[in-house]
Number of protein chains: 2
Amino acid sequence: MTASTTIPDTPGTAVLRRFNRTWSQRVGVLEDSFLGLGLPLSRARLLHEVGHDPDVTVRDLRERLDLDSGYLSRLLRDLEDRKLVVLTPDPADRRRRRIHLTRSGARLAARLEDRSEDLAQRLVDPLTVRQRERLLAALGSADLLVRAATVHLERVAPDGPLAAEAMASYVAELDATFPDGFAPGPVAPPEVVVLARSDGATAACGGLQPLGDGTAEVKRMWVSPDWRGAGLGARLLRHLEGLAREAGHERVVLDTNLALTDAVALYERNGYRRTERYNDNPYAEAFFTKDLTQDLTQDLTSPPA
Amino acid sequence: MTASTTIPDTPGTAVLRRFNRTWSQRVGVLEDSFLGLGLPLSRARLLHEVGHDPDVTVRDLRERLDLDSGYLSRLLRDLEDRKLVVLTPDPADRRRRRIHLTRSGARLAARLEDRSEDLAQRLVDPLTVRQRERLLAALGSADLLVRAATVHLERVAPDGPLAAEAMASYVAELDATFPDGFAPGPVAPPEVVVLARSDGATAACGGLQPLGDGTAEVKRMWVSPDWRGAGLGARLLRHLEGLAREAGHERVVLDTNLALTDAVALYERNGYRRTERYNDNPYAEAFFTKDLTQDLTQDLTSPPA
DNA sequence: CCATTTGTCTGACTCAAGTCAGAGATCGGT
DNA sequence: ACCGATCTCTGACTTGAGTCAGACAAATGG
């Protein structure tokens, strides 16, 4: 609660590191709570994961948990020997194997869950209702911010499945937002597609289309509802501007519908100014442009050196 | 950011557990950051600990980190072989051995520190200044609350060193607060002394002295400045009331100085009412009492069952 | 239908992190 | 000077977690 009109010498990371220490000392137990029911941690985590979505394939797990295939195979075998799971070949692709919990596996998974819930409860217990609310609010916003901070921006193939999926989300959202729906004709995807990805899910997307004459158009800016308010839009926008600048463009333009108030605010906040219509997109009501040659935007992502 | 006028079914622990997941996935790396400089984690941690206070004895470390003596011995030997520390017998007690960092040990410890700082910096980096402030504020308050929630209240020997130390802090604070200082005569410690301890440090203290006639006096309530605002005072007070009730007392009384506005507020918030002077303590300006027989105070520490 | 890729599994390791049972010095009290 | 406690160290184990190099079977693309 120190006043923070000036940037302190120790740039907050002290707080972060202290918190990390506190958390891992006192709450690290939450993880270890999976322990003590006869299963080592790795196996318990695996069981938990299987419990969370039945019928996963070995492959899915391997990808999700980033485990060595041999190791995973052995872990699964161990769970199988303990009669906690059964592996059956996937009829659709007989190389794959599907994993189901047995009855006792489900029971154990539930007990692990309870145990972890118990521990969480016990942590929160000594606090007053008021404090509990403060704690949970703090953790909630820290969660969002940490996740936002660790999102990866990656350029993907514009015609790949990831890009297609993101485009579909974008279209679906506009369709739900506009009073008369949104039904664009079949359009080619933009030349550049960037996704913000987190945990294998797409948190935001945006595209870039060269229009010639030193101009690139920003297209399909979209932030998943789960991620609003985490600054992903601004980050993605800056990233796209950077790419445009690298590609030698002198300005970016974009169009938008005025119903998208958040988007309009985002553009205005980031140095975009209204300009005249430059296309015949029937859904577009407002047109923006930003000069990339004069680097007025100070980089907000890193402190002044 | 959901409205929280009603208590949700899933009592926040979901938020907590989700946060735990996020944190350990993304930031757990902070711990592992000690890795990769050629030292395994346990040794790196040990080095870090030694760096933080030079001239520790093996015994101290064993106690502080709760390690098996054989294991610790081996770890230290490993550090010694790597020429990172030197062990010398303690002249005062030649069974003990003191540990010092060598020059290269200190260098490595500093690099470990930097590395962890770097990682923290990198986490925070993609955020805007605004978001960073939000994150650090959230972590700061979560830190305090988590630490508060995991404080242990323990009764200690009134004449032991821990009690003495706490009393000294109490006296020192009052001495600094009162315009004319605070110099009580040599008084016997209260019959019951309870400390709130965290990480081997005392966060708060309080005492209980039977006055006869069904009455117990609450004495020496003190919360360390680091811990103000975490609700420790209320918790300790309730704990003392419980002890008094168990011991068969019907009411508690206490005196205080009006300069201690926080304390006065605490007592009023917790059902204490003003009463007339019952002793001749020259520093006391206000006297409070609370009836223990009617259990009006609902227990705020746990939700209604 | 054949070569290549993909998905799973086995065997043979490594490494970190402990635990447990003493051995041997050293100290403190009597 | 002796006894029991204290401190440190050694040896002999265990367990968990994970890596790496293939082997083998099923799918997939030309």
Side-chain angles (χ1 to χ4, degrees), chain A residues 24 28-29 31-50 55-82 84-100 112 161, chain B residues 24-25 28-29 31-50 55-82 84-100 112:
Chain A
S24 57
V29 196
E31 270 283 289
D32 302 356
S33 73
F34 277 163
L35 241 52
L37 260 52
L39 278 188
L41 191 56
S42 59
R43 284 128 234 239
R45 260 198 298 249
L46 191 54
L47 189 68
H48 180 255
E49 203 67 36
V50 173
D55 263 35
V56 255
T57 63
V58 176
R59 192 176 183 295
D60 291 341
L61 281 180
R62 204 173 61 226
E63 212 162 61
R64 186 150 5 121
L65 304 179
D66 191 36
L67 294 174
D68 175 83
S69 66
Y71 183 38
L72 178 55
S73 174
R74 224 179 302 274
L75 288 179
L76 284 171
R77 174 96 92 95
D78 182 42
L79 291 183
E80 210 177 9
D81 288 349
R82 295 170 195 252
L84 299 172
V85 302
V86 213
L87 296 182
T88 55
D90 183 344
D93 179 343
R94 306 214 6 241
R95 286 170 307 182
R96 302 191 183 181
R97 302 241 272 156
R98 294 192 163 279
I99 310 161
H100 327 267
L112 291 172
Chain B
S24 58
Q25 262 183 17
V29 197
E31 268 285 289
D32 301 356
S33 72
F34 276 162
L35 242 50
L37 258 53
L39 278 189
L41 191 56
S42 59
R43 282 129 236 241
R45 259 198 298 250
L46 191 55
L47 189 68
H48 181 256
E49 202 67 37
V50 173
D55 262 35
V56 256
T57 63
V58 176
R59 193 177 183 294
D60 290 341
L61 280 180
R62 204 173 60 228
E63 212 161 63
R64 188 156 355 129
L65 304 179
D66 191 37
L67 293 175
D68 175 82
S69 66
Y71 181 39
L72 177 55
S73 174
R74 224 179 301 275
L75 288 180
L76 284 170
R77 174 96 91 96
D78 183 41
L79 292 183
E80 209 176 9
D81 288 349
R82 295 170 194 253
L84 299 172
V85 302
V86 212
L87 296 181
T88 55
D90 182 344
D93 179 343
R94 306 210 9 238
R95 288 170 304 182
R96 304 192 183 180
R97 302 240 271 157
R98 297 194 161 278
I99 311 160
H100 325 267
L112 291 172

- Taken to the nearest whole Å, CG/A/Leu41 to P/C/dA17 is 15 Å
- Selection: residues 60-71 of chain A, any non-hydrogen atom under 4.0 Å of DNA chain D: A/Asp68, A/Tyr71
- Query: Which listed nucleotide (D/dG18, C/dT8, D/dC9) is nearest to the side chain of A/Ser42?
  - Reply: D/dG18
- Letter by letter from the 5' end, nucleotides 25-30 of chain D scores (B base, S sugar-phosphate only, - none; protein heavy atoms under 4.0 Å) -BS---
- Query: Rounded to whole angstrom units, what separation is found between the CZ atom of A/Arg97 and the C1' atom of C/dT8?
  - Reply: 8 Å
- Can a side chain N or O of A/Arg74 be found less than 4.0 Å away from OP1 or OP2 on D/dA17? no
- A/Arg43 CZ to D/dG16 P, in whole Å, measures 6 Å
- Query: Do B/Arg98 side-chain atoms and B/Asp55 backbone N/O form a donor-acceptor pair below 3.5 Å?
  - Reply: yes
- Task: Go through C/dC9, C/dA17, D/dT10 for me and flag the one nearest to the B/Arg77 side chain.
- Result: D/dT10
Polar atoms only, N or O, under 3.5 Å: list the protein pairs with nucleotides 1-3 of chain C and their distances.
none

- Query: Going by heavy atoms in the side chains, are B/Leu87 and B/Glu80 under 4.5 Å from each other?
  - Reply: yes
- Starting from P on D/dG18, measure out to CG on A/Leu46 and report it in whole angstrom. 11 Å
- Message: Quick one, B/Leu46 and B/Leu72 - any side-chain contact, counting heavy atoms below 4.5 Å?
- Response: yes
- Task: Measure the distance from CZ on B/Arg98 to P on D/dT8 and round it to the nearest whole Å.
- Result: 10 Å
- Do the charged groups of A/Glu63 and A/Arg59 touch, with an N to O distance under 4.0 Å? yes
- Message: Between B/Val50 and B/Leu61, does the side chain to side chain contact (heavy atoms under 4.5 Å, CB included) criterion hold? Intermediate values first, please.
- Response: CA-CA 8 Å; B/Val50 173; B/Leu61 280 180; 4.0 Å; yes
